[in-house]
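Heads up, the thing below is written out as C-alpha cells.
In what follows, every heavy atom counts, from backbone to side chain, and hydrogens, waters and symmetry copies are set aside. For clarity, every value in this text was computed on a predicted model and none was experimentally measured.
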Amino acid sequence: MSGFFKHLPYNLTRACGVAALLLMAACTMPGRQTVNTPPPPPPPPASAQPSVYQVTFAPGSYEINPAGQRAIEDVSSVVDSNPNALVTVVGRTDASGSADYNMKLSQKRAAAVRDDLISLGKIPAARVDTAWTGEVKQIVGTYNGVADARNRVVDIYIH
C-alpha cells in the first residue's frame, strides 16, 4: 500500500475501500433512480391559525364602544361553539402619555374586554388569558408621543 492508506489500520483501510467501491458502483449502474426529497408538509389547516378580533378605544379611555361590544359578542359565540377554543386578550395603547400611564391603561382595556367576555356567560374564565403591552408592542410603530388610533386596541385571539 502506498500513500495515505499505509498509515491506517487494516480494518479501516478495508472499510474505506468497500465504501469507495459501493459509491462507484452506484454511480455507474444503468437505470439507477435518483432519490427525490419529500415534498414540504402542507400548511396547517385554517383552523390552526388564530382568529383575531379587535376592540378599539377612544384616547385615554377603556370604555367599550358599541362596535367593540359586537366584536366581544362575536368572540363569545365562536368560542361557545368550540369547546376546545382558548382566548387571549392583549391590551395596547398609542404613545401619547407616559409609558407608565400607557401600561396601566392597556391593562385596564384588557381587563374590561376580558370581564365583558366572561360576563356573557359563554366563556369560562379559565379559558381566557389576559396580557397588556402598553405602548411597547404597537401595531403601527409610533413613538415620541405620537397618537395613532390603530394602536388604541385590545386584540382578541381565538386559538
Compare all side-chain heavy atoms of [X] with those of [Y] and state whether any distance is below 4.5 angstrom.
X      : Y      : answer
Val55  : Val153 : no
Asp129 : Leu86  : no
Arg152 : Thr56  : no
Val90  : Trp132 : no
Phe57  : Val113 : yes

- Task: Compute whether any side-chain donor of one residue and acceptor of the other, for Ser96 and Asp94, lie under 3.5 angstrom apart.
- Result: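 Yes, because at least one side-chain N or O of Ser96 sits under 3.5 Å from a partner of the opposite role on Asp94.
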Kindly list each side-chain donor-acceptor pair under 3.5 angstrom involving residues 115-123, sequence neighbours excluded, with atom names and distances?
unit_1: Asp116; atom_1: OD2; unit_2: Gln69; atom_2: NE2; d: 3.3
unit_1: Ser119; atom_1: OG; unit_2: Asp115; atom_2: O; d: 3.4
unit_1: Ser119; atom_1: OG; unit_2: Asp116; atom_2: O; d: 2.9

- For Ala131 and Ala110, which heavy atoms make the closest approach, and how far apart are they?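 Answer, listing the atom of Ala131 first, then Ala110: O-CB, 3.5 Å.
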- Taking all non-hydrogen atoms of both residues into account, name the closest pair between Gly134 and Ser106 and its distance.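 So the minimum-distance heavy-atom pair works out to N-OG, 2.8 Å.
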- Message: Please enumerate all residues that pass side-chain contact (heavy atoms from CB on, under 4.5 Å) together with Ala85, with sequence neighbours excluded.
- Response: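 Counting only residues at least two positions away or on another chain, Ala85 forms a side-chain contact (heavy atoms from CB on, under 4.5 Å) with Val79, Asn82, Arg127, Ile158.
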- Among all residues two or more places apart in sequence or in another chain, which pass the side-chain contact (heavy atoms from CB on, under 4.5 Å) test with Ala67?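 Once residues adjacent in sequence are excluded, the partners of Ala67 under the side-chain contact (heavy atoms from CB on, under 4.5 Å) criterion are Asn65, Arg70.
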For [X], what residues pass the side chain to side chain donor-acceptor pair (under 3.5 Å) criterion, not counting sequence neighbours?
X      : value
Lys108 : none
Asn84  : none
Thr88  : His159
Arg109 : none

- Message: Using 0.5 Å steps for rounding, measure from the CZ atom of Arg114 to the OG1 atom of Thr130.
- Response: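 The CZ atom of Arg114 sits 4.5 Å away from the OG1 atom of Thr130.
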- Message: Main chain of Ile72, side chain of Ser76: is a donor-acceptor contact present, judged purely on distance under 3.5 Å?
- Response: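 Not confirmed, Ser76 side chain does not pair with Ile72 backbone.
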- Message: Does atom OH (Tyr53) have a neighbourhood of more than 12 heavy atoms from anything else shown, all under 6.0 Å?
- Response: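 For Tyr53, atom OH is crowded (more than 12 foreign heavy atoms under 6.0 Å).
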- Message: For residues Ile64 and Tyr157: do they belong to one hydrophobic cluster (side chain heavy atoms under 4.5 Å, members Ile, Leu, Val, Met, Phe, Trp, Tyr)?
- Response: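 No: no chain of side-chain contacts under 4.5 Å links Ile64 to Tyr157.
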